[in-house]
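Convention: sequence-line order gives letters A, B, ...; per-chain numbering from 1. Quick caveat, the model's predicted, so the values are computed rather than measured.
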2 protein chains.
Amino acid sequence: MNYTEMESYLKAISDHNRMLILKYLSKESLCICEFTELLDMTQPAVSQHMRKLKTAELVTEEKRGRWTIWSLNVRHVLYPMLIHLLSLLPEPEVTVESLMAEGKKVVCE
Amino acid sequence: MNYTEMESYLKAISDHNRMLILKYLSKESLCICEFTELLDMTQPAVSQHMRKLKTAELVTEEKRGRWTIWSLNVRHVLYPMLIHLLSLLPEPEVTVESLMAEGKKVVCE
DNA sequence: CCATTATATAAGTGATTGCTTATTTAATCA
DNA sequence: TGATTAAATAAGCAATCACTTATATAATGG
């Protein structure tokens, strides 16, 4: 791994919202429409974050009909380190469960 | 460690030149004047990088007369992870030894 | 004291970042 | 087929970034 690769990997993680996205993905695979609710962000904003994470090979996507299911790339060399980093961060207050309890539509349908 | 702290820590590492600086510091403590030669950068540029690293508590400084000796902050929670990250990066071609062999003034005097 | 040396700070600049709104692409379903 | 829905892309914008040059601060040594 050279300096440029490491730099783009770390730059991809070095963002508050992307760290949150990765934290959520460390629990379960999710689609963009779920992140817009979880992070209270617009759809294009989430989409652009996912593209950055994908370019840095931190996540993988699986098209399923209209939806795109995103997962952590468990094959990445730095995946174990990423999991360790994420374990140091607190659990987000907003969860899929808490949103469903509020009656918000979180699950794709 | 919260998201903001993690973000500023990772942002501080996520730069080609600062990763090089940290790689050098993982071998030995150095002063700014040595980095200007090692990285072929201007003195203010190096100084500004060191300030960023210090703000993120990645390094410590020790004033010694005119010089400031910089070291890795071995007390940081993420120090072991940093060392692991740096171990994945190749050794820089330019070293204090190679510069001295060229007859360049690298050591403070 | 004054010149030199090491470092810090300030101000300016072009490139990049993370968002926004608007639009496009593509898949589903009535 | 046409309306709806999920996601991507484009263009624009304010904030931040990594540098630059110029200047200031501070310690050393003649």
Expressed in angstrom and rounded to an integer, what is the separation of [X] atom [atom1] from [N] atom [atom2]?
X: A:Glu62; N: D:dA6; atom1: CD; atom2: C1'; value: 16 Å
X: B:Lys11; N: D:dA18; atom1: NZ; atom2: C1'; value: 14 Å
X: A:Ile32; N: D:dA6; atom1: CD1; atom2: C1'; value: 9 Å
X: A:Glu7; N: C:dA15; atom1: CD; atom2: P; value: 17 Å
X: B:Glu61; N: C:dT7; atom1: CD; atom2: P; value: 11 Å
X: A:Met50; N: D:dA6; atom1: CE; atom2: C1'; value: 14 Å
X: B:Trp67; N: D:dT25; atom1: CH2; atom2: C1'; value: 17 Å
X: B:His49; N: C:dT9; atom1: NE2; atom2: C1'; value: 16 Å

### Query
How does each nucleotide of nucleotides 20-30 of chain C score, in 5' to 3' order, for protein heavy atoms under 4.0 Å: base (B), sugar-phosphate only (S), or none (-)?
BBB----BS--

#### Entry: Minimum side-chain heavy-atom gap B:Asp15-A:Tyr3 below 4.5 Å
no

### Query
Under 4.5 Å between any side-chain heavy atoms of A:Val59 and A:Leu22, yes or no?
yes

### Query
Does a side-chain N or O from A:Arg51 land closer than 4.0 Å to OP1 or OP2 of D:dA7, or not?
no

How about [atom1] on [X], more than 12 heavy atoms from neighbouring residues, nucleotides or ligands closer than 6.0 Å, or not?
X: A:Lys23; atom1: NZ; result: yes
X: B:Lys11; atom1: NZ; result: yes
X: B:His84; atom1: NE2; result: no
X: A:Asn2; atom1: CG; result: yes

### Message
Quick one, A:Leu72 with A:Leu58, criterion side-chain contact (heavy atoms from CB on, under 4.5 Å). Give me CA distance, side-chain angles, the key distance, then yes/no.
### Response
CA-CA 6 Å; A:Leu72 285 191; A:Leu58 275 150; 5.9 Å; no

### Task
Using a 4.0 Å heavy-atom cut-off across all strands, classify A:Lys54 as base, sugar-phosphate, or nothing.
nothing

### Query
Contact class for A:Ser47 vs. all strands (heavy atom < 4.0 Å): base, sugar-phosphate, or nothing?
base

#### Entry: Proximity to the side chain of A:Lys63 - top-ranked nucleotide from C:dA8, D:dA8, D:dA18
D:dA8

### salt_bridge(B:Glu91, B:Lys27) N-O dist < 4.0 Å
yes

### Nearest-0.5 Å distance, OG of residue A:Ser26 to CG of residue A:Leu89
9.5 Å

### Summary
In numerical order, the residues of residues 16-29 of chain B whose heavy atoms come under 4.0 Å of DNA chain D are B:Asn17, B:Arg18

